[in-house]
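The structure under discussion appears below in the form of structure tokens.
Counting begins at 1 with the first residue of the sequence.
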Amino acid sequence: MSATGVKQFYTEADTTLRTYTGSSTVVSGVCYLKGVTINPSGATCHIRIYSGSSAIAANKIYEQKLADDAVYQEYIAAEGIRSPNGMYIERVAGTTSVAVIWQ
């Protein structure tokens, strides 16, 4: 069995996608958002993911708002959502942590 190029990154803060938790290696090239796990901290939760290294509205590729305190997981079919310049994860409100599955 061979390994795939799919990776996971976990964060508890607004940050640029990195190769793994605690790494200083920022993903700056083409990557694909394959899935998201959101851990809310309260009754509402809101995250946004952008292409690039900052929260620029024109570069938003993913957004999720939740109205309850249950952990949310979403897997994106086929190739995922293409991001040409890495990803920036923004925890807008009520979010303890976000795990991003990417390739």
Side-chain angles (χ1 to χ4, degrees):
M1 185 165 119
S2 63
T4 68
V6 176
K7 301 166 189 70
Q8 182 175 4
F9 175 71
Y10 171 87
T11 184
E12 294 178 354
D14 295 356
T15 190
T16 304
L17 180 70
R18 300 179 189 278
T19 53
Y20 57 87
T21 303
S23 172
S24 61
T25 306
V26 174
V27 178
S28 59
V30 175
C31 55
Y32 295 85
L33 179 63
K34 307 285 279 181
V36 178
T37 300
I38 303 168
N39 183 16
S41 61
T44 61
C45 176
H46 187 184
I47 69 150
R48 294 182 189 122
I49 299 176
Y50 303 87
S51 177
S53 60
S54 62
I56 298 173
N59 296 339
K60 184 171 56 175
I61 61 170
Y62 181 88
E63 182 171 18
Q64 189 60 256
K65 295 179 183 179
L66 306 173
D68 61 32
D69 59 357
V71 171
Y72 176 81
Q73 290 184 317
E74 180 173 12
Y75 298 99
I76 299 161
E79 296 171 1
I81 300 172
R82 186 177 188 273
S83 178
N85 300 307
M87 287 183 231
Y88 183 81
I89 301 136
E90 178 187 25
R91 298 175 320 120
V92 181
T95 308
T96 299
S97 62
V98 178
V100 174
I101 299 169
W102 64 282
Q103 184 170 20

Rounded to the nearest 0.5 Å, what separates atom [atom1] in [X] from atom [atom2] in [Y]?
| X | Y | atom1 | atom2 | answer |
| --- | --- | --- | --- | --- |
| Ile101 | Lys7 | CD1 | NZ | 12.5 Å |
| Ile49 | Leu17 | CD1 | CG | 8.5 Å |
| Met87 | Leu33 | CE | CG | 5.0 Å |
| Phe9 | Thr16 | CZ | OG1 | 8.5 Å |
| Glu63 | His46 | CD | NE2 | 3.5 Å |

Heavy-atom closest contact ([X] atom, [Y] atom, distance):
| X | Y | answer |
| --- | --- | --- |
| Ile61 | Arg82 | CG2-O, 4.3 Å |
| Gly94 | Cys45 | O-CB, 3.6 Å |
| Ser41 | Thr96 | CB-OG1, 3.1 Å |

Original post:
Any side-chain donor paired with an acceptor under 3.5 Å for Thr11 and Thr15?
Top reply: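 There is no such pair (donor and acceptor under 3.5 Å, judged by atom type) between the side chains of Thr11 and Thr15.
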Would you confirm whether [X], through its side chain, and [Y], through its main-chain N or O, come within 3.5 Å as a donor-acceptor pair?
| X | Y | value |
| --- | --- | --- |
| Ser54 | Ile56 | no |
| Arg91 | Glu12 | yes |
| Lys34 | Ala78 | yes |
| Ser83 | Tyr32 | no |

